[in-house]
Amino acid sequence: MRVQVAIIGSGPAGLLLGQLLTNAGIDNVILDRVGKDYILGRVRAGVLEDGTVRLLDEAGASARLHAEGLQHGGFSLAFDGRNHRIDLAGMTGKKVTVYGQTEVTRDLMQERERSGAKTIYEADNVNVHDFGSTSPYTTYEHGGKTRRIDCDFIAGCDGFHGVSRRSVPESAISTYERAYPFGWLGVLAEVPPVANELIYANHARGFALCSMRSMTRSRYYVQCPLDDKVEAWSDERFWDELRRRLPLENAEAVTPGPSFEKSIAPLRSFVAEPMRFGGLFLAGDAAHIVPPTGAKGLNLAASDVHYLFEGLHEYYADRSMAGLDAYSQRALQRVWKAVRFSWSMTMMMHRFPDTGAFGQKIQEAELDYLVHSRAAATALAENYVGLPF
Ligand code: APR
Ligand code: PHB
């Protein structure tokens, strides 16, 4: 088989790129190691920036998002037993859309099927070859046979554990990493959310986040030790812990109910530089990871895809390499700002085992400054709704 662009990974990054390319008449195939149902079983964050929504509009995959997504013009920072609202709309003129990433993925998959573009699921042993040359190709195994796809370019959208980044010689790549000394225990439950907007809570017992998927489905998180086991967290223990970390008015509004998803995820910041190696381009989690505190993971994948699509489009329309040559630098400029923001939200909202009394006082001063300075709150809001791309 021969295509113009071979895309590795059928997560949001690969699917969004694939749809933009297909709509522009650029022939592409997506390869994924796992099946569709497995991909749709993964629960991830759910806050979309305007720029991400705009790209989904461009991809023609946003009808349900506009019908069902919740527009939020603010969120709450809770500490010291009180809520402090960050007025996103008032300070930036922008809102965010609360809509589950699983649904974004589902919508993109449906649009891809409708447009007849090819996806190969359950492709074993995917490999990328000769991306230093002008004729790269990928191989994979399916039904006991090895197959080959020749292409002009390879888009590595295969997540943090994917094969694309791992195929680059170590000497050609620099990585930057920070692991945080705790995890998030996340719960989904078919109960109404405690409030109309998200609540990020800093509490002596640890961070808590109240989010939602709809007005009848809630998504909650509590900070927990990295070595905690999900089995140690009964629903009862979870609801009790969540309530304890919220201001009284919110704690009283928690509607407990049986959870239908419960998992623990570690928090990490990671960036690989550059994001382009000849004909191989990394996008999304394949190139960078952010802790979920700023809800930036999917939004960063979307801005990467925007820059990469522009470069590919320019190449096929004008035979110009300018956009592709600029891809890594343009993407990384925005990536690092989101990495900084996610790190700073993480530092500000969690209890760290080793900060001591000084660190604690600094954190309290930062929160107090934030809610009493319009300038500081505006800077937070500007990052939360998403820097332009
Ligand atoms: N071969 C083929 N496919 C692979 C391989 C491989 N060796 N390794 C991983 N994949 C696939 C995974 O099965 C997954 O479907 O690549 C896809 C990567 O998807 P995501 O992990 O969702 O990454 P990305 O699309 O960059 O997502 C960006 O969405 O999923 C979230 O946490 C993620 O918030 C981030 C955003
Ligand atoms: C979520 O709804 O899952 C969510 C929302 C905001 C975050 C992280 C996760 O910062």
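Numbering starts at 1 and runs along the sequence shown. In each ligand, atom 1 is the first atom listed, and ligand 1 is the first ligand listed. Here the structure is a predicted model, which is why all the values come from computation and not from measurement.
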Item to check | Residue pair Arg245, Glu241: steps toward the salt bridge (Lys or Arg N to Asp or Glu O under 4.0 Å) verdict | outcome: CA-CA 7 Å; Arg245 296 183 188 192; Glu241 188 60 40; 2.8 Å; yes

Item to check | Check against side chain to side chain contact (heavy atoms under 4.5 Å, CB included), Leu380 and Met91 | outcome: CA-CA 10 Å; Leu380 176 84; Met91 285 188 278; over 6 Å; no

Item to check | Candidate pair Tyr315 and Met321, rule side chain to side chain contact (heavy atoms under 4.5 Å, CB included), full reasoning | outcome: CA-CA 6 Å; Tyr315 175 80; Met321 283 296 288; 3.6 Å; yes

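Shown here is Tyr38, whose OH atom has no more than 12 heavy atoms of other residues, nucleotides or ligands within 6.0 Å.
Polar contact with ligand 2: absent for Trp184 (N/O pair, distance under 3.5 Å). In terms of polar-atom proximity, defined here as any N/O pair under 3.5 Å, Tyr384 makes no such contact with ligand 2.
The immediate protein surroundings of ligand 1, defined as residues with any heavy atom under 4.0 Å of it, consist of Ile8, Gly9, Ser10, Gly11, Pro12, Ala13, Leu31, Asp32, Arg33, Val34, Ile39, Arg42, Arg44, Gln101, Val126, Cys157, Asp158, Gly159, Gly162, Val163, Gly284, Asp285, Gly297, Leu298, Ala301.
Of all protein heavy atoms, the one closest to atom 3 (O) of ligand 2 is Tyr221 OH, 2.6 Å. In terms of protein heavy-atom proximity, atom 8 (C) of ligand 2 is nearest to Pro292 O, 3.3 Å. For atom 2 (O) of ligand 2, the nearest non-hydrogen atom of the protein is Ser211 OG, 2.6 Å.
Geometrically, Arg54 engages Phe389 in a cation-pi contact defined by less than 6.0 Å to the ring centre and at most 45° from the axis.
Judged purely by atom type and a 3.5 angstrom limit, Arg351 has no side-chain atom pairing as donor or acceptor with the backbone of Arg205. Looking at Lys296, its side chain does come within 3.5 Å of a backbone N or O of Tyr384 through a donor-acceptor pair. Using a distance-only test at 3.5 Å, with no hydrogens or angles considered, no donor-acceptor pair links the side chain of Thr216 to the main chain of Glu190. Here the side chain of Asn202 pairs a donor or acceptor atom with the backbone of Met348 at under 3.5 angstrom.
Within ligand 2, the atoms closer than 4.0 Å to a non-hydrogen atom of Tyr200 are 6 (C), 7 (C), 10 (O), numbered from 1 in the order shown. For ligand 2, the atoms sitting less than 4.0 Å from at least one non-hydrogen atom of Arg213 are 1 (C), 2 (O), 3 (O), numbered in the order shown with element in parentheses. Numbered from 1 in the order shown, with element, the atoms of ligand 2 that lie under 4.0 Å from a heavy atom of Leu198 read 5 (C), 6 (C). Heavy-atom contacts of Val47 reach the following atoms of ligand 2: 5 (C), 6 (C) (cutoff under 4.0 Å).
Contact annotation: for Thr293 versus ligand 2, heavy atoms closer than 4.0 Å belong to the backbone alone. When non-hydrogen atoms are compared, ligand 2 lies under 4.0 Å from the backbone of Ala295 as well as from its side chain.
Side chains of Tyr180 and Ser269: a donor on one and an acceptor on the other come within 3.5 Å. Side-chain atoms of Asn127 and Ser167 include no donor-acceptor pair closer than 3.5 Å.
Not close to ligand 2: Met345, with no non-hydrogen atom less than 4.0 angstrom away.
When the options Tyr221, Phe207, Phe352 are evaluated for a ring pair (Phe, Tyr, Trp, His ring centres under 6.0 Å) with Phe182, the one that passes is Phe352.
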